[in-house]
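Here the structure is laid out as structure tokens; the discussion comes afterwards.
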Amino acid sequence: MEHRNIIRLLVAVAGLVMAGQPGAVELTVSAASSLTQAFKDMARRYEEMHPDAKVFVNFGASGVLLQQIAKGAPVDVFACADQETMDEAVKTGLVHSDERRDFATNTLVLVVPRGQSVSLGHLSELTQAAVRRIAIGNPDSVPVGRYARRALEKAGLWEAVATKAITTQNVRQSLDYVSRGEVDAGFVYATDAGEAADRVRIAFEVPLDVAIRYPIAPLADAAHAEEARRFTGFVLSADGQAILASHGFPKP
């Protein structure tokens, strides 16, 4: 009897030790700044569905995130706001071309602070003297800045507007500048404007000759390759798409 009790005790202790060991796979996702709220919800929902996983999300300008990955940052999944950045990731071998997928779209808009008296309805009106400061993401690393420059170049206005540009590190910084009234206008995505509707107003949708499509892919050397593919699949699933839609992102 005593022998059996000792065995039961040892089994129980072993079970407690094993239960106390960290068993969750820690997945690291680098995502564009405009995905901040959506991917925070995405990570929470994914962890609820998969208790064996823990998702850490790093947000930033797509180009900056790619630079971090290229320098060895331990990332499993990359989600960016433009095709150009993902093209570069494929070109440098950081992502396999057959694993990239588009998962969301967006719209470029010009926003102004709530209560601003200056009326803006077209890109050409950004040249008026009343508009002194315009928040534009750094075109070299921020997709929303590249989209803005593209639209302004198409309209023959880039050089005139660039002299008024307050260059930002990501789209959220542009939004913050407008929200606080530190600039007269700013280029952001419609989804960002929607999240700050109490502080900014959409002046108009900016015409573009290219669609804004967000691609996602597991990294070629992801430490948790299978988990990375499972998370990517979740983003593309009905549940993932519902979360994106709740934050204003249309399907691709």
Side-chain angles (χ1 to χ4, degrees), residues 12 14-62 64-66 68-69 72-83 85-86 89-90 94-107 143 170-172 189-197 211-252:
L16 289 171
V17 171
M18 292 181 67
Q21 292 178 343
V25 174
E26 296 183 351
L27 190 74
T28 301
V29 178
S30 281
S33 294
S34 53
L35 295 167
T36 299
Q37 298 305 321
F39 266 49
K40 283 181 178 179
D41 287 351
M42 196 82 70
R44 281 193 291 267
R45 179 58 180 148
Y46 186 81
E47 290 174 355
E48 289 172 359
M49 295 175 64
H50 305 286
D52 59 331
K54 179 67 178 176
V55 182
F56 298 95
V57 189
N58 174 43
F59 298 104
S62 297
V64 173
L65 295 176
L66 180 60
Q68 293 173 354
I69 293 169
V75 176
D76 298 294
V77 177
F78 183 38
C80 57
D82 67 335
Q83 298 297 312
T85 302
M86 190 61 80
V90 170
L94 296 172
V95 164
H96 296 306
S97 61
D98 60 346
E99 292 201 284
R100 65 186 288 179
R101 298 288 185 275
D102 292 342
F103 67 94
T105 63
N106 218 328
T107 303
N170 55 63
V171 69
R172 288 308 175 101
Y189 298 117
T191 52
D192 297 296
E195 292 179 2
I212 298 177
R213 294 180 293 122
Y214 288 63
I216 188 171
L219 272 294
D221 63 349
H224 309 291
E226 289 306 312
E227 195 69 40
R229 292 187 182 93
R230 186 166 73 165
F231 181 83
T232 300
F234 171 68
V235 172
L236 295 164
S237 73
D239 282 343
Q241 290 295 303
I243 291 172
L244 287 163
S246 72
H247 288 278
F249 288 93
K251 293 182 180 180

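Small disclaimer: the values here were computed from a predicted structure and weren't measured. As a basis for the values below, the full set of heavy atoms in this structure was taken, side chains included, without hydrogen atoms, waters or symmetry mates.
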Are the side chains of [X] and [Y] in touch, meaning some heavy atoms are under 4.5 Å apart?
X: Y46; Y: I243; answer: no
X: N58; Y: V29; answer: no
X: L244; Y: M42; answer: yes
X: D239; Y: M49; answer: yes
X: V55; Y: F39; answer: no
X: V235; Y: Y214; answer: no
X: V57; Y: K40; answer: no
X: H247; Y: F249; answer: yes

Next item on the list: Please step through side chain to side chain contact (heavy atoms under 4.5 Å, CB included) for the pair V25 and D52, ending with a clear verdict.
Entry: CA-CA 6 Å; V25 174; D52 59 331; 5.7 Å; no
Next item on the list: Report the C-alpha separation of V75 and Q68 in whole Å, then their side-chain angles, then the decisive distance to 0.1 Å, and conclude whether the side chain to side chain contact (heavy atoms under 4.5 Å, CB included) test is met.
Entry: CA-CA 9 Å; V75 176; Q68 293 173 354; over 6 Å; no
Rounded to the nearest 0.5 Å, what separates atom [atom1] in [X] from atom [atom2] in [Y]?
X: F78; Y: R100; atom1: CZ; atom2: CZ; answer: 10.5 Å
X: F231; Y: S237; atom1: CZ; atom2: OG; answer: 10.0 Å
X: D192; Y: L35; atom1: CG; atom2: CG; answer: 9.0 Å
X: E195; Y: Q37; atom1: CD; atom2: CD; answer: 5.0 Å

Taking all non-hydrogen atoms of both residues, which atom of [X] and which atom of [Y] are closest, and how far apart?
X: C80; Y: T85; answer: SG-CB, 4.1 Å
X: A223; Y: D76; answer: N-OD1, 3.1 Å
X: A228; Y: P218; answer: CB-CB, 3.7 Å
X: L236; Y: D102; answer: CD2-O, 3.7 Å
X: S30; Y: I69; answer: CB-CD1, 4.5 Å
X: P252; Y: A104; answer: CD-N, 3.7 Å

Next item on the list: Go through the steps to decide whether R44 and E47 satisfy the test salt bridge (Lys or Arg N to Asp or Glu O under 4.0 Å), and finish with yes or no.
Entry: CA-CA 5 Å; R44 281 193 291 267; E47 290 174 355; over 6 Å; no
Margin query: Could you check whether any side-chain N or O of D82 sits under 3.5 Å from a backbone N or O of I212, counting only pairs where one atom can act as donor and the other as acceptor?
Written below: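 Checking the backbone N and O of I212 against the side chain of D82, no donor-acceptor pair under 3.5 Å is found.
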Margin query: If we ignore hydrogens and angles and just use 3.5 Å, is the side chain of S33 paired with the main-chain N or O of R172 as donor and acceptor?
Written below: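 A pair under 3.5 Å: no.
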Next item on the list: Please name all residues satisfying ring pair (Phe, Tyr, Trp, His ring centres under 6.0 Å) with H224, sequence neighbours left out, ordered by chain then number.
Entry: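 H224 satisfies ring pair (Phe, Tyr, Trp, His ring centres under 6.0 Å) with no other residue.
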Next item on the list: Dump the intermediate steps for side chain to side chain contact (heavy atoms under 4.5 Å, CB included) on M86 and R213, then the final yes or no.
Entry: CA-CA 11 Å; M86 190 61 80; R213 294 180 293 122; over 6 Å; no
